[in-house]
4 protein chains.
Amino acid sequence: MANSRFEYVKQYERMDRLLPETYIVIRIDGKGFHKFTKKHEFEKPNDLRCLSLMNAAARVVMSEFTDIVLAYGDSDEYSFVWSKSTELYERRENKLVSHVCSLFTSAFVFNWPQYFEIPLLSLPSFDGRAVLYPNLSVLRDYLNWRQVDCHINNLYNTTFWALIQKGGLTNTKAEEYLKGTISSQKHEILFSQFHINYNNEREIYKKGSIWVREPEDVSAPSKNQKYSTKQKRKMGLRLLHVSIIDNEFWNSRPYLTILLN
Amino acid sequence: MANSRFEYVKQYERMDRLLPETYIVIRIDGKGFHKFTKKHEFEKPNDLRCLSLMNAAARVVMSEFTDIVLAYGDSDEYSFVWSKSTELYERRENKLVSHVCSLFTSAFVFNWPQYFEIPLLSLPSFDGRAVLYPNLSVLRDYLNWRQVDCHINNLYNTTFWALIQKGGLTNTKAEEYLKGTISSQKHEILFSQFHINYNNEREIYKKGSIWVREPEDVSAPSKNQKYSTKQKRKMGLRLLHVSIIDNEFWNSRPYLTILLN
Amino acid sequence: MANSRFEYVKQYERMDRLLPETYIVIRIDGKGFHKFTKKHEFEKPNDLRCLSLMNAAARVVMSEFTDIVLAYGDSDEYSFVWSKSTELYERRENKLVSHVCSLFTSAFVFNWPQYFEIPLLSLPSFDGRAVLYPNLSVLRDYLNWRQVDCHINNLYNTTFWALIQKGGLTNTKAEEYLKGTISSQKHEILFSQFHINYNNEREIYKKGSIWVREPEDVSAPSKNQKYSTKQKRKMGLRLLHVSIIDNEFWNSRPYLTILLN
Amino acid sequence: MANSRFEYVKQYERMDRLLPETYIVIRIDGKGFHKFTKKHEFEKPNDLRCLSLMNAAARVVMSEFTDIVLAYGDSDEYSFVWSKSTELYERRENKLVSHVCSLFTSAFVFNWPQYFEIPLLSLPSFDGRAVLYPNLSVLRDYLNWRQVDCHINNLYNTTFWALIQKGGLTNTKAEEYLKGTISSQKHEILFSQFHINYNNEREIYKKGSIWVREPEDVSAPSKNQKYSTKQKRKMGLRLLHVSIIDNEFWNSRPYLTILLN
């Protein structure tokens with residue numbers, strides 16, 4: 001409404017439109033979560049309450065932005081993958097990143113009491129970034145990267161905390177013990193020393209969490225077809241803990257590729 | 001920790017470092033607050049509870065980021081002004097904007113029950129943007145712009161809601177009535193029809209809110225001096241509802257200019 | 001070599017890397033060519049000497065940068081299309097645009113005497129820009145856009161100058177005469193008034209010029225294959241004046257798609 | 001003129017407006033000049049013909065763009081410093097950088113025969129970049145950086161080539177000989193072995209070249225005054241080989257600071 005002689009300062013704003021027809025990934029990360037998890041006495045190596053809360057917050061984000069097709073979360077991070085044709089906020093980077101990050105935070109704080117008995121003792125917060133991927137192949141590699149990361153970290157953490165919680169080692173000793181070990185050696189430590197078969201660990205820990213938008217009728221429209229806006233609105237959201245790396249994930253869900261275009 | 005063949009996707013991230021030695025302003029805005037205020041039955045034209053909550057959330061942000069020197073808030077928006085020499089997050093735009101926006105949101109949701117009896121019925125969220133201002137003169141014009149905007153909107157809203165609440169007009173009628181009126185005419189309507197002297201309205205409504213960082217000893221260091229980190233940490237935060245346009249604001253607070261450099 | 005206390009100013013340089021795996025198009029345009037063509041008495045509507053010189057300069061650019069796969073030129077502009085995987089200058093936008101523009105200019109000035117008897121009376125110059133296209137479909141539409149532009153302009157100019165040179169109209173009268181006419185009407189004017197069959201005009205005028213990189217053995221490698229660096233270096237350059245819009249152009253040159261990847 | 005269904009591709013262009021009210025520096029650098037100087041048998045350590053040609057080309061650029069206030073050149077590079085209020089090409093980075101680079105190249109090639117007897121045997125070209133400096137202090141440090149760089153390189157090169165040309169050393173031997181030497185040692189080598197007093201070397205080699213725009217009446221307007229466009233157009237260009245680091249340079253030319261604003 002206001003129109004003053006100071007309004008020229010708006011010219012200093014930069015138009016930060018993201019390149020059209022490329023996949024936008026917005027990844028958010030917990031800030032200072034090491035301290036935050038200590039303060040709230042999170043269970044180690046994984047706190048199922050927090051992962052569930054993260055998933056609930058991600059669900060809110062996906063419900064709000066129907067142009068987000070899928071999301072991948074692990075530990076204190078979540079990646080939201082947008083349809084490459086989205087024109088939300090004219091694809092303005094600042095707006096997209098900050099709004100996703102804000103809404104996720106809002107849901108995280110609001111829903112905390114549903115997942116934790118302990119009240120919030122300090123304020124959780126997240127930062128975000130946008131990255132562009134120009135084709136499906138590199139987009140899939142992005143998701144693969146995050147899931148491999150989840151796996152490597154979880155195997156390490158599972159072994160690390162077994163050594164401490166069940167083996168009686170100090171943090172420093174456990175760290176030294178694991179230095180330079182490879183995957184198979186960690187599996188072996190878990191099994192021989194603690195009778196833990198890593199493969200039997202919960203899928204949510206090993207694979208992370210994947211939210212996908214899912215049509216009521218999963219029989220996909222033919223390749224050239226697009227889902228109508230009406231169809232999109234009716235779609236549900238499904239939470240998965242499976243391999244996103246396997247072709248099977250994509251082949252069995254042709255609607256994802258359609259939605260991403 | 002993880003180092004996989006997929007890691008090349010990191011190369012798609014853009015280095016979004018903001019130009020050094022320029023003032024960074026991060027402004028956040030409520031998303032869909034028109035609907036949000038209706039749902040939570042906000043008082044009109046101003047809801048003091050919400051303004052107080054906004055100020056409380058802004059205080060949290062300023063406490064967290066000591067390189068923010070001052071902040072200006074009005075309605076559902078808040079602008080945070082950073083020292084031009086800040087190197088936080090290497091001045092990465094995405095990180096700065098999203099983290100400020102997230103922490104503000106976190107504080108807003110967390111502190112809601114302290115200000116409202118009604119529980120949150122929907123999730124509030126904000127978006128943010130960064131704008132760079134290369135010198136103090138244009139930075140001041142930015143703040144002037146926001147404060148003039150606050151004034152113009154508040155005068156309009158005060159008159160608009162008086163016509164409705166006290167004058168019995170419908171929204172549409174009130175809008176028509178005010179169409180094309182200038183400032184003095186709105187003052188006149190308020191005074192002659194509703195015995196409201198606009199000048200006696202609360203300063204927080206007319207001027208908005210200003211948080212400033214304030215030294216314990218307000219006698220400023222000499223012009224070339226800088227505050228030490230220790231001094232900075234000890235500084236308090238003060239909330240003001242005054243003209244930021246008048247030179248008086250800046251002349252009486254020489255430490256602000258020092259902190260901004 | 002130098003390392004001084006002033007070197008910190010390098011930090012003000014921005015890293016302007018263009019998004020990987022997207023097609024880079026660098027388009028250069030003559031600056032002030034309206035005046036330049038008048039001063040050097042260019043033939044109207046087309047000056048074959050200048051088009052040939054433009055093509056020669058573009059050839060120099062393509063010879064220098066083997067990652068440019070094809071180029072399209074018309075009037076005083078030229079577009080250079082890069083392989084989407086090029087890593088030249090780390091894909092830094094400023095360097096790519098300015099170097100292409102500089103080398104083109106260098107070749108244009110140096111080769112001028114081979115194409116014009118009249119010496120250079122003022123300095124020609126060009127500006128440039130980079131645009132990213134994330135897939136082949138939109139890249140083709142970019143090239144289609146330039147070729148349609150060439151066609152529309154050439155039909156207009158051919159008719160305009162016929163009205164002046166053969167019809168004796170002034171510039172203003174010719175402009176008025178053509179105002180609002182559609183394609184078929186311009187064809188009709190040319191044919192009925194000046195016995196010019198537009199279809200018989202030179203292809204270089206109607207279609208513009210296309211440089212393509214061409215393998216010695218045009219039997220393309222199989223779809224997954226790439227050309228080796230050695231093969232690339234041996235490739236020739238061919239100048240075409242054909243439709244780039246027709247699928248035929250791309251279907252008959254499968255090596256272009258391979259080179260672009 | 002043309003308006004086709006392909007025109008949507010223009011949306012892929014990015015608006016690359018440079019931040020207002022900051023000093024734009026455009027620096028161009030010779031590409032592959034090591035090879036180029038060899039081929040054209042440049043004199044070592046400095047070829048006065050080339051430096052003069054560089055200066056002539058820079059003069060053309062400054063004549064064309066009246067918003068360039070001063071320029072600093074050395075070896076095969078030149079930096080052009082713009083008034084911080086310039087709005088040329090809406091401050092679009094691509095256009096500014098590429099046009100300056102192109103015009104410089106054009107002038108370099110065109111004027112070559114005036115400075116060299118040997119004809120051009122290969123095409124010279126340059127790349128360019130834009131850097132923003134938000135205040136006069138850091139802008140001066142930028143220029144200081146380039147001049148210190150010039151000095152350090154020239155002292156090294158002068159000694160290096162004396163060892164070869166007068167001392168009979170091979171390139172490799174000269175390089176080894178100078179490894180780790182500091183300034184005073186190079187002065188000493190020059191003086192004791194070759195009777196060269198470095199201080200007596202030509203100023204253009206030691207200081208580089210500075211073009212400044214200069215008012216007819218050098219008595220500057222009072223501090224708040226600006227030069228009128230008419231006055232600006234009448235200004236001359238002066239070539240200097242002096243210290244740009246000394247305050248004297250700026251103090252004795254108050255009009256430069258006015259022009260830069």
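Every chain is numbered from 1, with letters handed out A, B, ... down the list of sequences.
- Between C/Y12 atom OH and D/D141 atom CG the span is 9.0 Å, to the nearest 0.5 Å.
- Looking at C/R14, the atoms closer than 4.5 Å to chain D (heavy atoms on both sides) all sit in the side chain, from C-beta outward.
- Ring to ring, C/F6 and D/Y142 are not that close: their centroids are 6.0 angstrom or more apart.
- In this structure, C/T105 and D/S102 approach most closely via the heavy-atom pair OG1-OG, 2.7 Å.
- Contact of C/F108 with chain D is not made at all, since no heavy-atom distance falls under 4.5 Å.
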Step by step, work out the side-chain contact (heavy atoms from CB on, under 4.5 Å) result for C/R129 and D/E93. CA-CA 9 Å; C/R129 78 192 69 195; D/E93 184 175 16; over 6 Å; no
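- Here the side chains of D/R5 and C/W145 are not in contact, with every heavy-atom distance at 4.5 Å or above.
- Partner D/D127 forms a side-chain hydrogen bond (donor to acceptor under 3.5 Å, both in side chains) with one of C/H99, C/R92, C/K95 and no other, that one being C/K95.
- With C/S98 contributing its side chain and D/G128 its backbone, the two residues share a donor-acceptor pair below 3.5 Å.
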Mind running side-chain contact (heavy atoms from CB on, under 4.5 Å) on D/F110 and C/L120 for me, showing each step along the way? CA-CA 8 Å; D/F110 182 76; C/L120 272 172; 3.6 Å; yes
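- The two atoms that bring D/Y133 and C/V9 nearest to each other are OH-O, 2.8 Å, heavy atoms only.
- Contacts between C/V60 and chain D at a heavy-atom distance below 4.5 Å involve the side chain alone, from C-beta outward.
- By the 4.0 Å N-to-carboxylate-O rule, D/R27 lies close enough to C/E13 to be salt-bridged with it.
- Remark: the backbone N or O of C/L103 is not paired with any side-chain donor or acceptor of D/S125 at under 3.5 angstrom.
- For the atom pair C/I28 CD1 and D/N94 CG, the distance stands at 13.0 Å (nearest 0.5 Å).
- Among C/V97, C/V131, C/N144, the residue with the largest count of heavy-atom pairs under 4.5 Å with chain D is C/N144.
- Interface remark: C/Y8 contributes side-chain atoms only to the contact with chain D (heavy atom separation under 4.5 Å).
- Open room surrounds CD on C/E90; 12 or fewer heavy atoms of other groups in view lie less than 6.0 Å from it.
- No part of D/F104 comes within reach of chain C, as not one of its non-hydrogen atoms sits under 4.5 angstrom from that chain.
- Nearest heavy atoms, D/S106 versus C/P124: OG-O, 2.7 Å.
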